[in-house]
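Each remark here refers to the structure printed beneath this line.
By convention in this document, chain letters (A, B, ...) are assigned in the order of the sequence lines, proteins followed by strands, and residues within each chain are numbered from 1. Quick caveat, the model's predicted, so the values are computed rather than measured.
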Amino acid sequence: MSRIYITTPIYYVNAEPHLGHAYTTLIADALKRYYQQQGIEAFLLTGTDEHGDKIAEAAKAGGMEPKAYADKISAIFRATWDTCGIAYDHFIRTTDDYHKEFVQQILQKIYDSGDIYFGEYGGFYCFGCERFYTEKELVQGKCPDHQREPTYIKEKNYFFRMGKYQERLLDHIQTHADFIRPERYRTEALAFLREPLEDLCISRPKSRLEWGIALPFDSNYVTYVWFDALISYVSALKFKGEQHVETFWPKANHLIGKDILKTHAVYWPTMLMAAGMPLYQRLNVHGYWVMASGKMSKSLGNVVRPLEMKERYGLDAFRYFLMREMVFGQDATFSLDALINRINADLANNFGNLVSRVLAMQEKYFAGAVQPLGREWPKEDVELSDRFRRAEEELQRHMVGLQFHRALESVWAAIDHTNRYIVQTSPFVLVKDPVKRGRVGEILHHLLEAIRTTARLTAPFLPDTAREIRTLLAVSDGTANDRAPWGSFFVPGHKVLPPKILFPRIEPTAEG
RNA sequence: CGCGGGGUGGAGCAGUCUGGCAGCUCGCAAGGCUCAUAACCUUGAGGUCCCGGGUUCAAAUCCCGGCCCCGCAACCA
């Protein structure tokens with residue numbers, strides 16, 4: 001059986017879940033559901049990144065121990081994904097014991113092989129910020145926060161011989177066109193590699209930072225972010241058993257935002273090489289959500305909280321908007337106007353209303369009982385089923401390339417076709433002629449198939465809606481004959497339920 | 001010569017990799033339908049695809065040059 005391993009980044013627990021986190025996690029979830037539907041075994045990982053300066057400071061500010069603070073925020077992330085029904089298979093925390101042990105194993109292994117060495121690092125250090133600044137970050141030679149000159153200090157630290165793997169990485173990216181996608185990010189990664197790679201500082205002295213994983217070969221140091229966070233992708237599988245590492249790791253598909261491209265495209269593969277492990281299969285990079293109302297900020301009150309969106313507009317509507325509106329890889333604009341517009345136009349008017357009108361006719365004309373199809377199908381019936389077949393083909397093609405917006409567009413083209421089919425065949429007119437009752441039954445049978453197929457095709461994106469439609473069709477969830485050919489699914493006499501509003505229209509005036 | 005993204009009807013955007021009648025949503029105008037969530041369907045108006053060259057039978061798309069806008073200053077994916 002083929003497999004896929006899908007990961008979100010592990011989210012840093014210095015902030016609560018917002019739009020960016022939600023987007024990555026929701027597409028990961030949709031991908032998993034899609035692949036499962038295709039009969040592919042999928043494993044989805046998410047989790048939280050909990051070590052480091054900022055966490056220790058935030059905890060201190062709140063009068064808490066770092067672990068207690070991390071517990072709190074991590075729980076909020078987990079609860080958010082649980083509430084959103086994210087089908088993750090494991091939730092990793094970098095403070096989990098098995099993770100810390102595995103990180104130390106890898107560090108020891110690379111240290112033993114000679115790719116980690118002890119050296120000296122010099123840089124501009126601001127005692128106010130407790131951090132080093134690069135010359136570029138300094139404003140007129142001063143720390144931008146404290147407006148004072150940093151001190152040049154030297155510090156002994158451990159370094160990873162990243163440069164040693166530059167050629168191998170370059171070669172890998174060049175020979176694997178799909179390793180980093182979309183293309184623009186692959187190009188950018190190749191641009192990073194045009195310059196010689198410097199060795200990577202991977203430690204912090206405990207005197208300066210205690211909240212981290214201790215180096216196994218020097219207890220005066222903790223490992224700095226890279227070896228801690230990135231390795232979680234593997235340690236989570238390790239936790240599930242060696243078998244999981246073997247079967248899923250080579251099929252790893254990371255989903256990340258463009259801000260962490262360099263760490264994932266350059267640091268991570270070289271680390272894997274040094275550890276003697278296979279590289280991940282693909283790095284999938286998406287863009288940013290840009291707020292139409294200005295930069296996301298608490299003072300502007302435009303922070304998008306996933307649970308609030310779920311509460312106000314419904315989870316499926318929110319999911320739909322994010323996946324329909326953003327071109328994977330590019331930036332997109334977020335605005336409530338656009339969200340409401342999508343909900344009303346695509347979900348309420350086109351999709352939801354279609355379900356309503358079909359079920360209403362089925363109820364009114366036949367008390368919900370499905371009618372038989374004739375042996376010969378008129379041209380328009382064949383065209384309708386063909387249109388959905390085409391939609392499915394297009395959807396599959398677009399999903400391979402993570403073109404969620406186009407995948408959905410394809411399904412909606414079929415939905416539009418269905419609305420037109422109703423007007424063309426006019427069952428509500430034919431029904432007035434008793435002689436044509438049989439034909440009305442056929443038309444409605446086809447329309448029920450259209451709805452069933454739409455539910456199946458949109459299930460990865462709109463899981464709750466798909467479930468509701470199955471309920472309305474009085475069909476058990478995820479049955480084996482879900483893929484029954486068009487026309488052979490409903491047994492004549494099977495009763496479907498009366499309509500229900502799937503997506504209420506939202507009056508724009510009522511919302512800000 | 002910092003890096004990157006973008007400029008397509010009134011608005012917001014796809015399409016550009018892989019050249020083939022310029023497409024979608026909203027809005028606007030006229031009409032139709034009455035099964036449906038005032039939803040649905042049809043037709044129409046509206047475009048120098050930023051500009052200038054080049055390649056080609058054919059360019060929004062490929063090549064060269066130029067102009068303009070926006071991020072990289074975080075509660076970030």
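Atom pair Phe192(A):CZ and rC72(B):P shows a separation of 17 Å (rounding to whole Å applied). Atom CG in Asp259(A) sits about 12 Å away from atom P in rA73(B), given to the nearest Å. Spacing between atom CD1 of Ile422(A) and atom P of rC40(B) amounts to 11 Å, rounded to whole angstrom units. Here rG27(B) presents its C1' atom at 14 Å from CG of Asn344(A), a figure rounded to the nearest Å. Atom P of nucleotide rA77(B) and atom CG of Leu19(A) are separated by 12 Å, given to the nearest angstrom. Rounded to a whole Å, the CZ atom of Phe334(A) is 14 Å from the C1' atom of rA77(B). As a whole-Å value, the separation of Asn253(A) CG from rA77(B) P is 20 Å. Put simply, CG on Leu193(A) is 15 Å from C1' on rC3(B), counting in whole angstrom units.
Comparing atom distances between the Val423(A) side chain and each of rU37(B), rA77(B), rC40(B) picks out rC40(B) as nearest. Of all nucleotides listed (rC35(B), rU42(B), rA77(B)), rU42(B) comes nearest to the side chain of Arg420(A). Here the nucleotide nearest the side chain of Asn350(A), chosen from rC40(B), rA77(B), rU34(B), is rC40(B). Among the nucleotides rU34(B), rU37(B), rU25(B), the one closest to the side chain of Phe428(A) is rU34(B).
Remark: the separation of the P atoms in rA58(B) and rC41(B) is 40 Å, to the nearest Å. Nucleotides rU8(B) and rC49(B), compared at atom C1', are 4 Å apart to the nearest Å. Nucleotides rG66(B) and rC26(B) have their P atoms positioned 41 Å apart, rounded to a whole Å. The separation of rG23(B) from rA14(B), taken at their C1' atoms, amounts to 7 Å, rounded to a whole angstrom. Annotation: rU56(B) and rG12(B) have their P atoms spaced 38 Å apart (nearest Å). Comparing the C1' positions of rC67(B) and rG53(B) gives a spacing of 15 Å, expressed to the nearest Å. Using atom P as the reference point in both rU37(B) and rU18(B), the two lie 49 Å apart (nearest Å). Rounded to whole Å, the C1' atom of rG9(B) lies 14 Å from the corresponding atom of rA60(B).
The aromatic rings of Trp268(A) and His254(A) sit tilted, their planes meeting at an angle between 30° and 60°.
Listed by chain and residue number, Trp412(A) satisfy the ring-ring contact (aromatic ring centres under 6.0 Å, His included) test with Phe351(A) (two or more places apart in sequence, or in another chain). Taking Gln174(A) as the reference, Leu170(A), Leu190(A) meet the side-chain contact (heavy atoms from CB on, under 4.5 Å) condition, with sequence neighbours excluded. Checked against ring-ring contact (aromatic ring centres under 6.0 Å, His included), His494(A) has the following partners two or more places apart in sequence or in another chain: Phe490(A).
Residue-level contact check: Pro427(A) touches neither bases nor backbone, having no heavy atom under 4.0 Å from any strand.
In the region residues 356-365 of chain A, proximity to RNA chain B at under 4.0 angstrom, judged on heavy atoms, holds for Ser356(A), Arg357(A), Ala360(A), Met361(A), Lys364(A), Tyr365(A). Within residues 261-269 of chain A, no residue places a heavy atom under 4.0 Å from RNA chain B.
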**Request:** Please report the C-alpha distance between Phe43(A) and Tyr5(A) in whole Å, then the side-chain angles of each, then the deciding distance to 0.1 Å, and finally whether the ring-ring contact (aromatic ring centres under 6.0 Å, His included) criterion is met.
**Result:** CA-CA 5 Å; Phe43(A) 190 97; Tyr5(A) 174 40; 5.8 Å; yes
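In this entry rG10(B) has rC26(B) as its Watson-Crick or G-U wobble partner, both defining distances falling under 3.5 Å. Nucleotide rC57(B) is matched to rG20(B) when pairs are restricted to Watson-Crick or G-U wobble geometry with both distances under 3.5 angstrom. Across all strands shown, rA45(B) remains unpaired; no Watson-Crick or G-U wobble contact has both distances below 3.5 Å. With both pairing distances under 3.5 Å, rG2(B) is matched to rC72(B) as a Watson-Crick or G-U wobble pair.
Here the two rings, on Trp486(A) and Phe388(A), have centers that are under 6.0 Å apart. Taking the six-membered ring wherever Trp is involved, the centroid distance between the rings of Tyr233(A) and His264(A) falls below 6.0 Å. Proximity of the aromatic rings of Phe321(A) and Phe334(A) is defined here by a centroid distance below 6.0 angstrom, and this criterion is met.
In this structure a side-chain-to-backbone donor-acceptor pair under 3.5 Å is missing from Gln281(A) to Asn253(A).
To the nearest 0.5 Å, the span separating OG1 on Thr48(A) from CG on Asn14(A) amounts to 11.5 Å. With rounding to the nearest 0.5 Å, the separation of CG in Leu359(A) from CG in Leu444(A) is 9.5 Å.
Counting non-hydrogen atoms of neighbouring residues, nucleotides and ligands closer than 6.0 angstrom, the NZ atom of Lys258(A) exceeds 12 such neighbours.
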**Message:** Output one letter per nucleotide in nucleotides 4-24 of chain B: B when a protein non-hydrogen atom lies under 4.0 Å from the base, S when only the sugar-phosphate is that close, - when neither is.
**Reply:** -SS------SSSS--------
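Within the 4.5 Å cutoff, side-chain heavy atoms of Arg181(A) are placed close to those of Asn284(A).
Residues Ala348(A) and Leu255(A) each lie close to RNA chain B; by heavy-atom proximity, the contact nearer the 5' end of the strand is made by Ala348(A).
Aromatic stacking is not marked for Tyr23(A) over rA77(B), as the cut-offs of 5.5 Å for the centres and 30° for the planes do not both hold.
Cation-pi geometry between Lys54(A) and Tyr12(A) is not satisfied (NZ or CZ under 6.0 Å from the ring centre, within 45° of the ring normal).
Judged by distance alone, with hydrogens and angles left aside, Asn353(A) brings a side-chain donor or acceptor within reach of the base of rA36(B), the pair sitting under 3.5 Å.
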